[in-house]
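Each residue takes its place number in the sequence, starting with 1. Note that the structure is a prediction, hence the values are computed from the model and not measured.
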Amino acid sequence: MAAALRGSLVTLAKGLSGARLQPLCARSLSLTSSQNVSETPPAQADSTFKVTMVPGDGVGPELMTAVKEVFKAADVPVEFEEFHLSEVQNMASEEKLEEVLSSMKNNRVAIKGKIHTPMEYKGELASYEMRLRRKLDLFANVVHVNSLPGYSTRHNNLDLVIIREQTEGEYSSLEHESVSGVVACLKIITREKSRRIAKFAFDYATKKGRSKVTAVHKANIMKLGDGLFLQSCAEVAELYPKIKYESIIIDNCCMQLVQNPYQFDVLVMPNLYGNIIDNLAAGLVGGAGVVPGESYSAEYAVFETGARHPFAQAVGRNIANPTAMLLTASNMLRHLNLEYHSNMVSEAVKKVIKQGKVRTSDLGGYATSDEFTRAVISNLAI
């Protein structure tokens, strides 16, 4: 059953790769998260979905343990193929990378932690993280920034989406030292990929019933590069007359997000700006520990936290917040059309946070990672 469903999803994704460029996420975008968890559970699946798991560095392995424990308690029909890929723990090689890619291509769905990228130059400019994205063409990163009920921040009831192009821009890995002490770092912007991410953003807004898309840029300074991105977004916007289109300069966008984030709905932007805005927006609702994320190509979906940090200083201390990874895992289940289990996991996480009795230190509490995970399990509506 699982194999047949995955096969039909590939057919759907390829059929949607034309004018509207609706990747594999097209099905998941059409689903809602408001369905009642108390609905009658589905019949026991006669097979399981295989999903590639890459725990990554820092607290990634601990967070994945939380996911596996919650999935086991909820009887989620998912089987993980686990691979450890790390540039800082001597667990990275071309062979290991190919193993991970082979698994991801076979399963078409993966969940991963942050693979830490060392700052030291060792002869290779492209990190394993970036190479994974390029090999799978994971061009669209989606981060839904949503306030958690019961956890109060400066701006409550936030609901905005950040869509980031993540295969080119400043992350093109094209740097060279022309003369001693002078380094040129190339930022690559293409019309094809700019239009592709713009179409994705407008399709997302259409499917999710959202009313506005804002393009974030720095075309006043980078007149050709960001100018091309901005022009591409404006051209695509004309194809969606029912969606309001605006543009904003990146520095002003950062200030406006802090002062009045409610003015934004869906934001679309090039690579580096997306990385910055993802983290800034995560800070508005509680930090890196509470915001889920996902990346899409026309054929593959990789689920990872919205703000990517290894949190290396917390390794082994049992203090990392599993919320973001558990919500990411819930989104993955929804993508697999396991609505019942997806809602069960997400509602249990939100219930624990809303009750306020078990919170990790980043949310002002004293609970350990294990205690939070056990609280989520005890709140599963099984």
Side-chain angles (χ1 to χ4, degrees), residues 114 140-166 169-171 187 197-198 201-202 204-205 208 210-222 225-226 229-230 233 237 243-295 304-311 313-314 320-321 323-325 327-328 331 350 353-354 356 359-365:
K114 169 66 177 174
N141 177 244
V142 181
V143 175
H144 186 183
V145 180
N146 206 2
S147 296
L148 293 169
Y151 181 70
S152 181
T153 59
R154 176 178 180 134
H155 301 291
N156 295 311
N157 302 314
L158 280 183
D159 182 9
L160 58 95
V161 177
I162 301 160
I163 295 178
R164 164 192 178 190
E165 203 294 322
Q166 60 175 10
E170 296 85 356
Y171 291 63
K187 170 178 177 174
I197 196 65
F202 277 94
Y204 184 100
K208 289 293 188 177
R210 292 181 173 266
S211 60
K212 183 171 70 171
V213 171
T214 303
V216 182
H217 66 94
K218 191 64 177 174
N220 58 322
I221 301 299
M222 287 168 276
D226 278 26
F229 177 83
L230 189 60
C233 289
I243 304 294
K244 184 178 180 182
Y245 170 69
E246 293 180 349
S247 64
I248 188 171
I249 295 174
I250 176 64
D251 38 346
N252 185 29
C253 179
C254 292
M255 180 181 69
Q256 295 297 329
L257 275 168
V258 173
Q259 288 187 325
N260 178 26
Y262 303 101
Q263 64 187 288
F264 298 110
D265 192 354
V266 175
L267 298 99
V268 61
M269 61 203 74
N271 211 332
L272 179 61
Y273 308 155
N275 194 3
I276 295 169
I277 297 297
D278 282 347
N279 286 269
L280 188 158
L284 297 177
V285 295
V290 300
V291 179
E294 54 235 44
S295 296
E304 52 196 331
T305 55
R308 303 164 187 167
H309 296 283
F311 200 16
Q313 63 269 33
N321 189 346
T323 298
M325 192 61 79
L327 292 178
T328 296
N331 290 343
K350 293 173 183 177
I353 292 176
K354 188 173 184 179
R359 288 181 179 172
T360 48
S361 59
D362 59 321
L363 297 184

Here the pair of heavy atoms bringing V216 nearest to C253 is CG2-SG, 4.0 Å
Partner of N271 under side chain to side chain donor-acceptor pair (under 3.5 Å), picked from Q166, E170, R164, is R164
Do side-chain atoms of Q263 reach the backbone of N260 as a donor and acceptor pair under 3.5 angstrom? yes
Closest non-hydrogen contact found for C233 with F202 is O-CE1, 4.2 Å
- [ ] Measure from the side-chain N and O atoms of T360 to the backbone N and O of A320, and report whether any donor-acceptor pair falls under 3.5 Å.
- [x] no
d(L363 CG, L148 CG) to nearest 0.5 Å is 7.5 Å
d(I277 CD1, M269 CE) to nearest 0.5 Å is 5.5 Å
dist L280:CG -> D278:CG (nearest 0.5 Å) comes out at 10.0 Å
**Asked** Would you call V143 and T305 a side-chain contact if the rule is heavy atoms closer than 4.5 Å?
**Response** no
For A215 and L230 the tightest heavy-atom approach is CB-CD1, 4.2 Å
Practice prompt. Check whether the side chains of S147 and N156 place a donor and an acceptor atom closer than 3.5 Å, and report yes or no.
Written response: no
*Any side-chain heavy atom of D226 sitting closer than 4.5 Å to one from K187?*
yes
Smallest heavy-atom separation, I250 atom then Y273 atom, equals CD1-CB, 3.8 Å
Check: N146 and L158 side chains under 4.5 Å, non-hydrogen atoms:
no
One should read off an interatomic distance between I197 CD1 and Y204 OH, to the nearest 0.5 angstrom, of 12.0 Å
Taking NZ, NE, NH1 and NH2 as the nitrogens, is one of them in K218 or D251 under 4.0 Å from a carboxylate oxygen of the other?
yes
On a heavy-atom basis, the closest approach of N275 and N279 is O-ND2, 2.7 Å
Exercise. Salt bridge check: are K212 and E246 linked by an N-O gap of less than 4.0 Å?
Worked result: yes
Would the distance check show the side chain of D362 and the main-chain N or O of G287 forming a donor-acceptor pair, the cut-off being under 3.5 Å? no
| message | Would you say S295 and E304 are linked by a side-chain donor-acceptor pair, where the criterion is simply a distance under 3.5 Å? | response | yes
Whether the H144 and D159 side chains hold a donor-acceptor pair (N or O, under 3.5 Å, no angle test) is what I'd like checked. yes
Heavy-atom check, side chain of I163 versus side chain of V266, under 4.5 Å: yes
Closest non-hydrogen contact found for A282 with A307 is CB-CB, 4.0 Å
Rounding to 0.5 Å, atoms CD1 (I353) and OH (Y151) come to a distance of 9.5 Å
(message) Under 6.0 Å from the ring centre and within 45 degrees of the ring axis: does the NZ or CZ of R210 meet both conditions for the six-membered ring of F264?
(response) no
* Asked: Is the closest side-chain heavy-atom distance between V291 and V285 below 4.5 Å?
  -> yes
- Query: Can you list the steps and then say if D265 with V213 is a side chain to side chain contact (heavy atoms under 4.5 Å, CB included)?
  - Reply: CA-CA 6 Å; D265 192 354; V213 171; over 6 Å; no
Subject >> Side chain to side chain, H155 and P261, heavy atoms closer than 4.5 Å >> reply: yes
CD1 (I248) and CG (L267) are apart, to the nearest 0.5 Å, by 8.0 Å
message = Side chains of T214 and S247, heavy atoms from C-beta outward: is any pair under 4.5 Å?
response = no
